[in-house]
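Residues take their numbers from the sequence shown, with the count starting at 1. Bear in mind the structure is a predicted one, so any value in this text is a computation, not a measurement.
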Amino acid sequence: MENETDAFYRELPKVELHAHLNGSVSFKTIEKLISRKPHLNIGHDMTAIGKGQRRTLDECFQVFKVIHQLVDTEEDILMVASDVIKEFAADGVKYLELRSTPREDKNTGLTKKKYVETVIKAIQQCKSEGVDIDVRFLVAIDRRNGTDVAMETVKLAEEFMLSSDGLVVGIDLSGDPTIGDGKDLLPALQRAKNCGLKLSLHLSEVPSQLEESDLLLNLPPDRIGHGTFLHPEVGGSQSLVDKVLKHNIPLELCLTSNVKGRTVPCYSKHHFKYWYELGHPIVICTDDKGVFSTDLSQEYQLAAFTFGLSREAVWQLSQRAIDCIFAPDTVKQQLRQKWIDTQPQGIK
Ligand code: IMP
Ligand code: ZN
């Protein structure tokens, strides 16, 4: 049974800025997908990492491949996106930036354009059904696919930024950090920036990316995903930290994802502590709530328990996330009002 503490985190209005669509698919939705495609012989243990389990980062990326097999038609994408949005809303998320890598599939006729259109359709449908959440979309570049695909993805995002009534707001750079070189993607990322797309880049997710991080920080990005190995205590460097501080680039931090993916040894050693103590803007996020069997309320609760945050501090953390969203200032104002309206008594 839910106790009072759990209820506080669940009722806390939240902002989710780092959620990969196919990594966010819940057990329930996976079940529906499996029943649509029984011939694939996919079991639940292949699509999620349960409580207390950990995997190598490489094994985590295998999980995405399995989920991609289950999600390969417009119909699947519509269902998955719609379920994920409703689940975030049910968890108290008031503003969500979803990100996803457009895929094509010759067998099902899926094209990258249709892929993006379908995610947008799901967002619009949820809105018209009155689901209490503002959702925006970041088009993702999978770093593995190189220069040309990155440029093609940016052009697609550009097209939708202009035609989606403000729903497409930016670009995500993600994918297996041990594959590909960020340097090859610079022209595409620069183009995205020049045309007004915001940039959220996975940076220093593994220790070997110092040079790449330095290069990408010069863009500079608008937000950083993870940034696990940026700071000197874990082999990063003060000059990388200084660049982040100079440009005041917020970090999206995903505790369970990093612990289960073994890039961080345990919750108490998470780099949340380093950046929080600096007073730098950080936003708690889930990364892949389905794959890592978590949700945003749990992540806030874990951060609070691990680092001894008071309820006031937790409230502030969720409120300050509003400053880091990619939607325009008018949306920020509306969200700030929502936080004020729901602030519990006793929290300043
Ligand atoms: P999708 O883009 O909606 O298909 O979501 C799954 C994809 O997100 C994966 O194939 C990766 O490219 C990316 N992704 C999810 N989690 C991570 C992460 O922790 N690091 C880097 N990339 C990730
Ligand atoms: Zn991620």
Side-chain angles (χ1 to χ4, degrees), residues 17-18 20 23 49 52-61 143-144 172-183 185 199-288 291-292 294 298-309 313 317 320-321 324:
L17 300 182
H18 188 137
H20 300 269
I49 302 165
Q53 295 180 336
R54 298 176 78 187
R55 297 277 195 280
T56 62
L57 206 56
D58 187 49
E59 287 166 334
C60 293
F61 283 98
R143 49 183 294 134
R144 174 173 60 118
D172 154 64
L173 171 63
S174 54
D176 189 338
T178 62
I179 301 175
D181 189 342
K183 193 161 115 196
L185 312 173
L199 293 184
S200 169
L201 311 182
H202 284 62
L203 226 68
S204 280
E205 204 178 346
V206 291
S208 59
Q209 295 178 291
L210 296 186
E211 230 174 277
E212 179 189 284
S213 295
D214 191 52
L215 211 61
L216 294 176
L217 281 172
N218 288 338
L219 279 162
D222 299 283
R223 287 199 314 253
I224 293 168
H226 304 303
T228 315
F229 294 94
L230 285 172
H231 62 292
E233 287 170 21
V234 286
S237 75
Q238 190 56 45
S239 75
L240 289 176
V241 171
D242 287 343
K243 278 192 186 180
V244 176
L245 298 178
K246 179 177 157 209
H247 298 293
N248 200 30
I249 313 170
L251 271 81
E252 304 152 357
L253 301 180
C254 315
L255 278 75
T256 298
S257 161
N258 297 155
V259 170
K260 287 196 171 177
R262 292 191 187 152
T263 51
V264 164
C266 57
Y267 285 100
S268 62
K269 295 222 165 74
H270 195 275
H271 49 296
F272 174 94
K273 188 169 161 33
Y274 179 88
W275 295 98
Y276 188 72
E277 284 176 356
L278 280 180
H280 187 75
I282 49 177
V283 185
I284 292 185
C285 302
T286 53
D287 208 9
D288 300 287
V291 170
F292 296 117
T294 188
Q298 256 190 74
E299 294 301 301
Y300 269 91
Q301 191 164 2
L302 275 163
F305 280 13
T306 309
F307 302 106
L309 309 181
L317 206 54
R320 286 188 182 160
C324 308

What distance separates Arg143 CZ from Leu185 CG, expressed to the nearest 0.5 Å? 7.0 Å

Side chains of Val244 and Trp275: does their closest heavy-atom pair fall under 4.5 Å? yes

Without placing hydrogens or testing angles, list every side-chain donor-acceptor pair under 3.5 Å for residues 248-258, not counting sequence neighbours.
residue: Glu252; atom: OE1; partner: His18; partner atom: ND1; Å: 2.7
residue: Glu252; atom: OE1; partner: Arg99; partner atom: NH2; Å: 3.2
residue: Glu252; atom: OE1; partner: Ser200; partner atom: OG; Å: 3.3
residue: Glu252; atom: OE2; partner: Arg99; partner atom: NH2; Å: 3.3
residue: Glu252; atom: OE2; partner: Ser200; partner atom: OG; Å: 2.9
residue: Glu252; atom: OE2; partner: Arg223; partner atom: NE; Å: 2.6
residue: Glu252; atom: OE2; partner: Arg223; partner atom: NH2; Å: 3.3
residue: Thr256; atom: OG1; partner: Tyr267; partner atom: OH; Å: 2.9
residue: Thr256; atom: OG1; partner: Glu299; partner atom: OE1; Å: 3.3
residue: Thr256; atom: OG1; partner: Glu299; partner atom: OE2; Å: 2.5
residue: Ser257; atom: OG; partner: Asp287; partner atom: OD2; Å: 2.7
residue: Asn258; atom: OD1; partner: His270; partner atom: NE2; Å: 2.8
residue: Asn258; atom: ND2; partner: His226; partner atom: ND1; Å: 3.3

Please walk me through it: do Leu201 and Leu219 pass side-chain contact (heavy atoms from CB on, under 4.5 Å)? CA-CA 11 Å; Leu201 311 182; Leu219 279 162; 3.9 Å; yes

Residue list, ring pair (Phe, Tyr, Trp, His ring centres under 6.0 Å) with Phe272, at least two apart or on another chain: Tyr276, Phe307

Walk me through it: do Asp58 and Asp176 pass the test side-chain contact (heavy atoms from CB on, under 4.5 Å)? CA-CA 8 Å; Asp58 187 49; Asp176 189 338; 4.2 Å; yes

So, does Arg54 use its side chain to make a donor-acceptor pair with the main chain of Val259 at under 3.5 Å? yes

Which residues satisfy the ring pair (Phe, Tyr, Trp, His ring centres under 6.0 Å) test with His247, sequence neighbours excluded? none

Tell me the closest heavy-atom pair linking Val241 and Pro232, and the distance in Å. CG2-CD, 3.8 Å

Between NZ of Lys260 and CZ of Phe292, what distance do you get to the nearest 0.5 Å? 8.0 Å

With sequence neighbours left out, write down each residue that passes side-chain hydrogen bond (donor to acceptor under 3.5 Å, both in side chains) with Thr56, or none if nothing qualifies. Glu59

Is the CD atom of Glu211 crowded by more than 12 outside heavy atoms at less than 6.0 Å? no

Applying side-chain hydrogen bond (donor to acceptor under 3.5 Å, both in side chains) to Asp181 and not counting sequence neighbours gives none

Using a 4.5 Å cut-off on heavy atoms from C-beta on, say whether the side chain of His202 contacts that of Asp172. yes

Under 3.5 Å: donor-acceptor pair, side chain of Lys243, backbone of Leu217: no

Quick check: does any side chain N or O of Gln209 sit under 3.5 Å from a backbone N or O of Val206, one acting as donor and the other as acceptor? yes

Check Thr228 against Thr263 and note the closest heavy-atom contact, atom names and distance. CG2-O, 4.0 Å

Find the distance between CG (Leu240) and CG (Leu245) and round it off to the nearest 0.5 Å. 11.0 Å

Taking all non-hydrogen atoms of both residues, which atom of Leu57 and which atom of Pro177 are closest, and how far apart? CD2-CG, 3.6 Å

Which heavy atom of Phe229 sits nearest to which heavy atom of Pro207, and what is that distance? CD1-N, 3.6 Å

Kindly write out the residues that satisfy salt bridge (Lys or Arg N to Asp or Glu O under 4.0 Å) with Asp288, not counting sequence neighbours, or none if the list is empty. none

Sequence neighbours excluded, which residues qualify as side-chain hydrogen bond (donor to acceptor under 3.5 Å, both in side chains) partners of Ser213? Ser204

Sequence neighbours left out, what passes salt bridge (Lys or Arg N to Asp or Glu O under 4.0 Å) with Lys183? Give chain and number order. none

Please identify each residue that fulfils salt bridge (Lys or Arg N to Asp or Glu O under 4.0 Å) with Glu205, with sequence neighbours left out. none

Nearest heavy-atom contact between Cys324 and Val283 is SG-CG2, 3.8 Å

I need the Leu230 CG to His271 NE2 distance, nearest 0.5 Å. 7.5 Å

Would you say Leu216 and Leu203 make side-chain contact, with heavy atoms under 4.5 Å? yes

Side chains of Ser174 and His20: does their closest heavy-atom pair fall under 4.5 Å? yes

Distance col, row Ile282:CD1 vs Ile224:CD1, nearest 0.5 angstrom, shows 12.5 Å

For Gln53, what residues pass the side chain to side chain contact (heavy atoms under 4.5 Å, CB included) criterion, not counting sequence neighbours? Ile49, Arg55

Taking salt bridge (Lys or Arg N to Asp or Glu O under 4.0 Å) as the test, write out the residues that go with Arg262, two or more places apart. none

Just do the side-chain contact (heavy atoms from CB on, under 4.5 Å) check on Leu309 and Tyr300 with the steps written out, would you? CA-CA 10 Å; Leu309 309 181; Tyr300 269 91; over 6 Å; no

Spacing of Ser268 atom OG and Phe305 atom CZ [to the nearest 0.5 Å]: 15.5 Å

Tell me the salt bridge (Lys or Arg N to Asp or Glu O under 4.0 Å) pairs involving residues 230-241, sequence neighbours left out? none

